[in-house]
Amino acid sequence: MKNLKRVDIIFGAYTQEKYKVLGETLKKSSDQIISEVTDSGLKGRGGAGFPTGLKWKYTANEADPIKYVVCNADEGEPGTFKDREILTRVPRKVFSGMAICAKAIGAKKGYLYLRGEYVYMLPDLMAELELFHKCVKENNLDFEIKISMGSGAYICGEESALFESIEGKRGEPRNKPPYPTVSGLFGKPTVINNVETFVNTLMIMRLGADEFKTLGTSDSRGSKLFSVSGDTPVAGIFELELGMSLEDFVEDFGDGDTKAVQVGGASGFCVPRKKFKDTIIGFEGVPTGGSMMLFNSSRSMYNVLKNYVEFFEEESCGQCTPCRVGCQQLKLGIEAVKKGEKSATYLDTLQKLADTMKVSAKCGLGQSVANSFSSIVDNFKEEMIY
Amino acid sequence: MANTVNLNIDGIDVSVEAGKTVLDAAKELNIHIPTLCYHEDLCVAGNCRVCVVEQEGAKNLVASCAMPAQEGMVIHTNTHKVRNARKHIVELLLSEHNADCTKCYKNKSCELQDLASDMIISENMFLDLVPEKNYTIDNFSPSIIKDDSKCIRCQRCVRTCHDLQHVSALGVAYKGDKMKISTFFENSMFDVVCTNCGQCVIRCPTGALIEKNYIEQVWDAIHDPNVHVVVQTAPATRIALGEEFGMEAGNIVTGKLAASLRRLGFDSVLDTDFSADLTIMEEGTELLTRLKKALVDKDASVKLPMFTSCSPGWVKYIEHMYPDYLDNLSTCKSPQQMFGALVKTYYAEKKKLDPAKIVSVSIMPCTAKKFEAARPEMRGSGYQDVDLGITTRELAVMIKQAGIDFNSLPDEKFDSLMGQSTGAAVIFGATGGVMEAALRTAYELVTGREVPFENLNITAVRGMEGVREASVKIENVLPAWSFLEGVELKTAIAHGLKNAHQIMDAIKAGTANYHFVEVMGCPGGCIGGGGQPIPTTPEIRQKRADAIYREDEGMEIRKSHENPEITQIYKEFLGEPLGHKSHELLHTHYVKRKRV
Ligand SMILES: Cc1cc2nc3c(=O)[nH]c(=O)nc-3n(C[C@H](O)[C@H](O)[C@H](O)COP(=O)(O)O)c2cc1C
Ligand code: SF4
């Protein structure tokens with residue numbers, strides 16, 4: 001690595017004594033925990049980047065005696081594979097983060113919603129859970145975690161669809177408001193965070209908010225796991241400081257011929273070479289749940305886009321018009337332009353359609369299709385036509 | 001006021017109750033926001049997105065049907081952004097919809113068509129998705145046709161079937177581009193738990209769910225010189241048919257109904273009300289017999305409570321969902337079927353007609369009546385008792401086809417044999433009506449006195465509450481009924497199958513202890529039936545019910561046992577209630593059906 005500093009917090013070694021940090025943290029009050037998480041500036045690692053401290057505070061403020069903590073381990077975004085690694089290598093940190101949240105908001109029950117394909121992890125996770133449950137008991141915390149399995153639908157990573165799925169219903173996003181902090185799982189106030197977010201909260205408890213803040217920028221505190229894939233000699237998972245420039249990233253990870261990077265997976269943005277220099281990876285620039293896909297000049301961006309649109313066409317839950325029908329139209333539309341059945345100006349019609357999807361779809365899936373669609377069509381128009 | 005929120009829509013301030021939506025608030029200002037998936041009877045889905053509006057400060061548009069009105073909100077319903085999005089959305093819906101409007105049964109009564117026409121959509125903005133999908137039409141059910149090529153996935157039907165009716169024959173299957181409204185294992189509507197109630201049909205905004213119409217068959221019969229076509233019309237049709245001709249809900253058009261049927265060319269224009277009265281005689285006697293067997297003979301095989309059996313949607317529901325309770329169902333056929341059995345026996349005899357040459361048609365507020373008519377049990381006369389059941393809506397189509405100006409028709413009467421009715425029969429059309437009619441007769445039979453309610457109006461059993469209970473103390477009985485002295489007759493009423501489910505679960509759990517339970521499959525009873533004019537809303541159903549009770553009050557005879565034609569038929573033909581002939585023609589049995 002020439003430009004970027006590697007960080008080693010998430011996967012760093014466990015403390016010698018099992019669940020030491022958790023035990024110490026559970027001695028703190030709910031307010032202390034929440035203010036420390038808030039001070040750290042931590043934002044959610046699942047993609048949307050909502051301030052974690054605020055989410056916990058809102059939920060803690062709800063009067064309902066029944067609340068839930070949910071860990072989103074659905075990891076469905078194309079090009080993201082870091083939660084798998086976390087759950088394999090440091091599951092204890094995830095459970096600890098959930099317990100800290102439980103203490104902070106006053107929840108007695110937690111769910112880990114695990115991506116269907118990760119079912120092979122179950123034996124190890126269950127073994128760790130046994131230790132965990134013993135530990136929380138010893139620390140007088142009444143909190144139990146259950147593991148709930150996904151079945152391979154990308155939409156079930158969307159928080160409200162995930163709740164529906166745990167409740168045994170069809171995984172379809174709900175109307176918002178109400179938000180999960182008020183009415184989440186089983187209609188109760190719920191904190192839902194990404195796997196990595198929970199690990200970060202534990203690390204904030206271990207390091208303190210001040211030290212956590214020394215990493216990253218004012219808008220994007222801390223470090224982040226990146227899932228690097230595509231045309232790179234060093235594919236894999238890397239923990240890096242947030243707020244880097246894409247140019248530095250490409251210098252470290254590219255194969256010397258990078259023409260574009262898809263930041264944030266299929267629902268993220270495509271950045272072309274000419275914009276690498278001015279693009280910051282973080283909440284102030286282009287945010288990402290971790291997926292970084294590099295494409296070199298041998299790749300057809302038409303194929304890349306078509307692949308994404310096909311993904312959305314299939315993974316849309318299908319309930320709302322803009323997303324269900326819009327995705328089909330975008331796919332057939334670019335095919336028709338490519339085949340010459342529609343003129344190049346039809347791309348403008350499709351761009352407008354993507355804009356409508358962005359402002360009118362019911363959930364984040366349909367709303368974010370325009371991200372990749374517009375950024376690829378804008379930047380690689382010729383490849384769409386010829 | 002603490003419980004109100006203040007917001008501003010299109011520059012106008014408005015205060016609404018907390019909990020109301022932006023759409024509700026706009027309605028108060030008479031600002032029309034187009035909707036599709038929204039329906040007053042159903043929980044909010046927010047999935048069609050047609051009702052999007054702009055909220056100041058929000059990045060995206062919001063669905064007004066699902067967005068709670070909040071203090072200080074500033075909403076714009078008619079901006080460039082809103083109009084563009086709505087137009088796109090309707091264009092998208094059209095692209096996945098088989099928009100062959102001129103060949104569609106719902107042509108001119110389609111909500112999608114209305115939206116498209118309001119927006120002046122003159123060309124296909126997007127590619128036509130229909131040819132890709134290889135849709136097939138499910139027309140195996142005698143009641144309902146399901147055509148997925150017309151479906152816009154608003155899920156009104158799913159919410160109706162699940163939330164209102166607790167049947168869940170319809171559900172969402174698959175996801176993404178393959179997402180569709182389907183049945184268990186994609187079986188035909190004929191082979192699943194569908195009760196044929198048609199509540200989905202009256203809420204489908206397009207032509208995806210429609211009644212199977214028998215209009216051409218009825219015309220064929222009318223035009224066939226070799227057959228005698230008899231028509232019967234159900235109580236609830238006469239207070240709703242006017243809506244099809246632009247009248248307000250709640251207009252009573254009994255006279256025009258009779259006149260229009262005569263002009264259409266039916267040979268005899270008769271009234272299901274007659275057999276509703278007959279039902280009361282049979283069912284009332286059955287109830288008293290069951291009570292006697294249970295209370296005096298201590299016969300444990302007699303099942304109580306007794307359930308009414310006039311609603312074919314309810315009958316099929318219990319056959320699927322609570323088959324252990326089939327013996328609790330009254331063995332009485334529904335008025336439609338009693339009528340049918342008598343047309344080809346009693347009526348044929350009296351009129352000296354060959355029953356093989358009679359075509360018996362019914363006009364019903366109901367789609368399940370089509371299924372009921374086709375049941376193999378319903379051939380007591382030796383023929384199919386009712387040949388063709390059509391809905392209020394189909395009748396309206398026929399009247400229009402015939403060029404009849406319905407609104408200017410004179411009031412005429414029904415023909416005489418099996419054409420006379422009472423107020424008790426009319427109220428069969430509203431929830432609680434059968435109960436009220438039965439009480440009017442049974443109480444009098446037992447005590448020799450009229451029911452102790454002012455003007456015979458048993459208001460305790462009326463209303464729109466989903467489940468209602470009422471009890472009547474029976475005192476000073478006639479000697480023959482001494483075993484009923486002092487008995488408190490406990491009754492319950494439910495309408496809409498979800499409420500039926502609630503009562504059944506209470507009965508099953510042993511927490512409810514009734515003698516007699518009236519259940520109507522549709523919300524509001526027959527006035528809200530799946531064959532009635534579209535739309536249906538709580539307000540419309542209330543107006544129709546009010547009309548039913550007005551009609552009752554205006555009748556000369558208001559008790560079933562006083563109908564002279566009823567006296568006559570027992571004297572000349574049937575003998576006595578529950579007698580041998582009745583048993584043969586007017587009673588039936590039920591079958592256990594599978595749960596899926
Ligand atoms: C279509 C869709 C899929 C999503 N998938 C995931 C996922 O797999 N994992 C995840 O953590 N968040 C996912 N999210 C984001 C969640 O809805 C939610 O914002 C997140 O779990 C909150 O956690 P955080 O605040 O810790 O980021 C998805 C969102 C959408 C719209
Ligand atoms: S945007 Fe797509 S995934 Fe989200 S609710 Fe609508 S159809 Fe479902």
Side-chain angles (χ1 to χ4, degrees), chain A residues 151-156 161 169-178 182 309-337 341-342 346 349-350 352-368 370, chain B residues 21 36-37 43-55 58-63 65-68 70 81-97 112 124-129 132-133 152-155 158 162 171-181:
Chain A
S151 312
Y154 169 63
I155 191 57
C156 287
K169 298 183 230 153
R170 184 182 157 85
E172 278 185 357
R174 301 172 180 168
N175 289 302
K176 289 177 212 166
V182 176
V309 190
E310 275 171 355
F311 171 78
F312 287 125
E313 181 192 36
E314 189 177 331
E315 293 300 336
S316 156
C317 80
Q319 70 166 310
C320 79
T321 312
C323 175
R324 177 188 67 251
V325 196
C327 289
Q328 297 174 61
Q329 290 294 353
L330 293 181
K331 188 195 86 176
L332 290 177
I334 57 169
E335 281 174 356
V337 171
E341 291 163 5
K342 283 271 183 189
Y346 192 59
T349 304
L350 295 178
K352 286 189 192 127
L353 170 60
D355 291 342
T356 289
M357 291 167 68
K358 189 180 200 112
V359 297
S360 67
K362 184 166 172 175
C363 86
L365 190 154
Q367 289 162 7
S368 59
Chain B
T21 62
L36 263 181
C37 69
C43 70
V44 166
N47 61 27
C48 77
R49 316 305 286 175
V50 167
C51 71
V52 287
V53 295
E54 206 168 332
Q55 178 191 354
K59 191 167 54 135
N60 294 333
L61 300 176
V62 299
C65 72
M67 177 56 79
Q70 288 157 57
K81 193 171 167 186
V82 166
R83 291 165 55 90
N84 273 346
R86 284 187 193 157
K87 191 152 186 225
H88 263 147
I89 289 164
V90 171
E91 276 160 341
L92 288 174
L93 286 172
L94 287 172
S95 79
E96 70 168 354
H97 175 83
L112 179 62
N124 289 338
M125 168 83 93
F126 300 115
L127 301 164
D128 183 3
L129 302 176
E132 303 224 325
K133 310 247 171 175
I152 55 167
R153 280 86 166 160
C154 67
Q155 299 190 40
V158 174
H162 181 270
V172 179
Y174 308 107
K175 62 181 170 40
D177 55 321
K178 304 205 170 44
M179 181 272 207
K180 63 187 271 193
I181 310 306

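Because the structure is predicted, anything quoted here is derived from the model rather than measured. Reminder, nothing fancy here: chain letters follow the sequence lines and each chain counts from 1.
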Query raised in the report: Looking at B:Arg49 and A:Pro322, what are the two nearest heavy atoms and their distance?
Result: CG-CD, 3.4 Å

Top residue by heavy-atom pair count (under 4.5 Å) with chain B, among [options]?
options: A:Gln319, A:Gln329, A:Arg174; value: A:Gln329
options: A:Ala361, A:Gly333, A:Ser316; value: A:Ser316
options: A:Leu332, A:Ile155, A:Thr349; value: A:Leu332

Working to the nearest 0.5 angstrom, can you tell me the gap between [X] [atom1] and [Y] [atom2]?
X: B:His88; Y: A:Met357; atom1: NE2; atom2: CE; result: 11.0 Å
X: B:Asn60; Y: A:Lys358; atom1: CG; atom2: NZ; result: 8.0 Å
X: A:Ser360; Y: B:Ile89; atom1: OG; atom2: CD1; result: 4.0 Å
X: B:Tyr174; Y: A:Glu314; atom1: OH; atom2: CD; result: 13.0 Å

Side chain, backbone, both or neither of [X] within contact of chain A (heavy atoms, under 4.5 Å):
X: B:Leu36; result: neither
X: B:Met67; result: side chain
X: B:Gln70; result: side chain
X: B:Val62; result: neither
X: B:Val50; result: neither
X: B:Glu132; result: side chain
X: B:Ala45; result: backbone
X: B:Ala85; result: both
X: B:Lys81; result: side chain

Measuring heavy-atom distances to chain B, does [X] have an atom under 4.5 Å in its side chain, in its backbone, in both, or in neither?
X: A:Gln367; value: side chain
X: A:Cys317; value: backbone
X: A:Lys352; value: both
X: A:Phe312; value: neither

Query raised in the report: What residue, out of B:Leu129, B:Leu92, B:Leu61, has the most heavy-atom pairs lying under 4.5 Å from chain A?
Result: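 Highest number of heavy-atom pairs under 4.5 Å: B:Leu92.
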
Query - side-chain contact (heavy atoms from CB on, under 4.5 Å) between A:Tyr346 and B:Leu127, worked out - result: CA-CA 11 Å; A:Tyr346 192 59; B:Leu127 301 164; 4.0 Å; yes

Evaluate whether atom [atom1] of [X] has more than 12 neighbouring non-hydrogen atoms of other residues, nucleotides or ligands under 6.0 angstrom away.
X: A:Glu310; atom1: CD; answer: yes
X: B:Asn124; atom1: CG; answer: no
X: A:Lys169; atom1: NZ; answer: yes

Report task. Look at the side chain of A:Thr321 and the backbone N and O of B:Cys48, then say whether any donor-acceptor pair between them is shorter than 3.5 Å. Result ->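 Confirmed, A:Thr321 side chain pairs with B:Cys48 backbone.
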
Requested in this report: Quick one: which residue pairs count as a salt bridge (charged side-chain N to carboxylate O under 4.0 Å, His left out) with a foot in residues 315-324 of chain A, not counting sequence neighbours?
Outcome: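 Found A:Glu315-B:Lys175, A:Arg324-B:Glu96.
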
Query raised in the report: Would A:Val325 and B:Ser95 count as a side-chain contact (heavy atoms from CB on, under 4.5 Å) if you check the C-alpha gap in whole Å, the side-chain angles of each, and the deciding distance to 0.1 Å?
Result: CA-CA 8 Å; A:Val325 196; B:Ser95 79; 3.4 Å; yes

**Report entry** 4.5 Å side-chain heavy-atom contact, A:Glu172 and B:Val172
**Finding:** yes

